[in-house]
2 protein chains.
Amino acid sequence: MSAAAVFAEKGFHGSSTRDIAERLGIKQGSLYYYFKSKEEALGEVCLFGIEEYVHRMQDIAASDQPFEAKLMATVASHLSSYRERNEALKVYNDERLYLPEERRTRLKQLGSQYRRQLEGIFEQGKESGVLRPSVDCHFAAQAVIGLCNAWGDIIVRDPDTNVFDITQKCVDLLLNGFAERRKTTRTQ
Amino acid sequence: MSAAAVFAEKGFHGSSTRDIAERLGIKQGSLYYYFKSKEEALGEVCLFGIEEYVHRMQDIAASDQPFEAKLMATVASHLSSYRERNEALKVYNDERLYLPEERRTRLKQLGSQYRRQLEGIFEQGKESGVLRPSVDCHFAAQAVIGLCNAWGDIIVRDPDTNVFDITQKCVDLLLNGFAERRKTTRTQ
DNA sequence: CTAATGTTCTATCACTCTATAGAATTTCAC
DNA sequence: GTGAAATTCTATAGAGTGATAGAACATTAG
């Protein structure tokens, strides 16, 4: 599944089947023993990119940890997926819209499921009193995903990034923000 | 400059010069009266995408507003650029890596300048005591940019999004996080 | 060894692509 | 109107594209 590296580097339309074959050490025509079409190859790369962190989210959401632990686990899982599957995740993020309808909507369902489960985690955080009642859980979930993807991009480009450090800083930002706490703070 | 719409929809390599010409209402060959090459057209679209918010950042950073106002102005400027120049900004974000070396590095310089100015704003926030002393200004600046880009993507796809609402929620997240303030909070 | 299966190769088809050249047309100042 | 400049056209070169077909080679089971 090393087509991922080519798609990640050159984009779907910028990658010729000859490029992909060369990376695999075979000739262009031989590709079609494995793939029915170039689009099918893209679909498999995209699915490979997200399936692991989507799957891990199932476990996190279903577990009985407190809110903070679930949030930390989510961010850690998302970011470390960028370490383990960086090319495929980049391809998923940037190229999935070039997939044929049917396959794209299947992936979109996985993405929506992930986001809804994350929203559920934030709901739990509100119910348990850890989060402010005013928190918009849809906004919060999108913010987490956006933040993880942005840092994921940076992790992909710079392999020296300390993922553990970034994870902690992201969670700290999400919980506490950057501002100093004032003495006049409204307390529940 | 309506090539932006085509690049945004189909990507650089996925857009043929015929596609672009058709959108402009002219024939394919006529494009080359305006552009020396397809890559040059991409370069102009990308520059158009960011030049405004990069320029506005100059003013924000140089102004003598307090930290919170600068942060709000930055987020508002970044997000509203996604309203005004959504296609070009999407192209800048997704396709700029396909530009030839020289032009790509020029754009990278603008991006780095933007980030450094934002880091400076966070430094100011620390000095004025608004931000916690432990804040990592590089992390903070990347987080702001990542958050704005993520919400920018959503704004592009859904024109009904309330940009003002998102701006406020982003700033609230960046300053205060989602967590309830505890009575036992460490105060300076 | 034989036969079957799995894998890769070569060769090719039918298109599409960017870019160029030069003719045709439009626009506009005088 | 006349001539010059700006703009758009047609036609084409030359290279690259994804996909297919069938031959060639490799691997394994009996």
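We name chains A, B, ... by the order of the sequence lines, and we start the count at 1 in each one. Just the heavy atoms: all of them, side chains too, but no hydrogens, waters or symmetry mates, feed the values below. Just so you know, these numbers come straight off a predicted model, no measurement behind them.
- Checking the phosphate oxygens (OP1, OP2) of D/dT20, no side-chain nitrogen or oxygen of A/Y32 falls inside 4.0 Å.
- Scanning for salt bridge (Lys or Arg N to Asp or Glu O under 4.0 Å) contacts around A/E87 gives an empty result, with sequence neighbours left out.
- In this entry the distance linking CG of A/L24 with C1' of C/dT8 reads 12 Å, nearest Å.
- Between the CG atom of B/L31 and the P atom of C/dT18 there is a distance of 9 Å, given to the nearest Å.
- Between its opening and closing five pairs, the helix from C/dC1-D/dG30 to C/dC30-D/dG1 changes axis direction by 20°, a value rounded to 10 degrees.
- Under the salt bridge (Lys or Arg N to Asp or Glu O under 4.0 Å) criterion, A/R18 pairs with no residue at all, not counting sequence neighbours.
- Taking atom CZ on B/F12 and atom P on C/dC17, their separation rounds to 13 Å, with Å as the unit.
- Rounded to whole Å, the distance from NE2 on A/H13 to P on C/dT16 is 14 Å.
- Partners of B/E22 under the side-chain hydrogen bond (donor to acceptor under 3.5 Å, both in side chains) rule, at least two apart in sequence or in another chain, do not exist in this structure.
- B/L107 and B/I50 get closest at one heavy-atom pair: CD2-CD1, 3.9 Å.
- For the pair B/K38 NZ and C/dT16 P, the interatomic distance rounds to 15 Å; values are reported in whole Å.
- Within the structure, ring pair (Phe, Tyr, Trp, His ring centres under 6.0 Å) contacts touching residues 105-124 of chain A (residues at least two apart or in different chains) are A/Y53-A/Y114, A/F67-A/F122, A/H78-A/Y114, A/F122-B/F178.
- OP1 or OP2 of C/dC17 sits under 4.0 Å from a side-chain N or O of B/S16.
- Sorted by first and then second residue, the pairs that involve residues 90-100 of chain A and meet salt bridge (charged side-chain N to carboxylate O under 4.0 Å, His left out), not counting sequence neighbours, are A/K90-A/D94.
- For the 3.5 Å distance criterion, the side chains of A/R132 and B/N176 fail to qualify, holding no donor opposite an acceptor.
- Judged as a salt bridge (Lys or Arg N to Asp or Glu O under 4.0 Å), and not counting sequence neighbours, the contacts of B/K10 are B/D19.
- With sequence neighbours left out, A/D160 forms a side chain to side chain contact (heavy atoms under 4.5 Å, CB included) with A/D158.
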Reading nucleotides 7-14 of chain D from the 5' end, what letters show protein touch, with B for base, S for backbone sugar-phosphate only, - for no heavy atom under 4.0 Å? BBBB----
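- Checked against salt bridge (Lys or Arg N to Asp or Glu O under 4.0 Å), B/R116 has no partners two or more places apart in sequence or in another chain.
- Between the CD atom of A/E40 and the P atom of D/dG18 there is a distance of 15 Å, rounded to whole Å.
- Remark: C1' of C/dT8 and CZ of A/F35 are 15 Å apart, rounded to the nearest angstrom.
- Residue B/E22 contributes atom CD, which lies 13 Å from atom P of C/dT18 at whole-angstrom precision.
- A salt bridge (charged side-chain N to carboxylate O under 4.0 Å, His left out) check over residues 70-84 of chain B, counting only residues at least two apart or in different chains, returns the pairs B/R56-B/E84.
- Within residues 97-105 of chain A, no residue has any heavy atom under 4.0 Å from DNA chain C.
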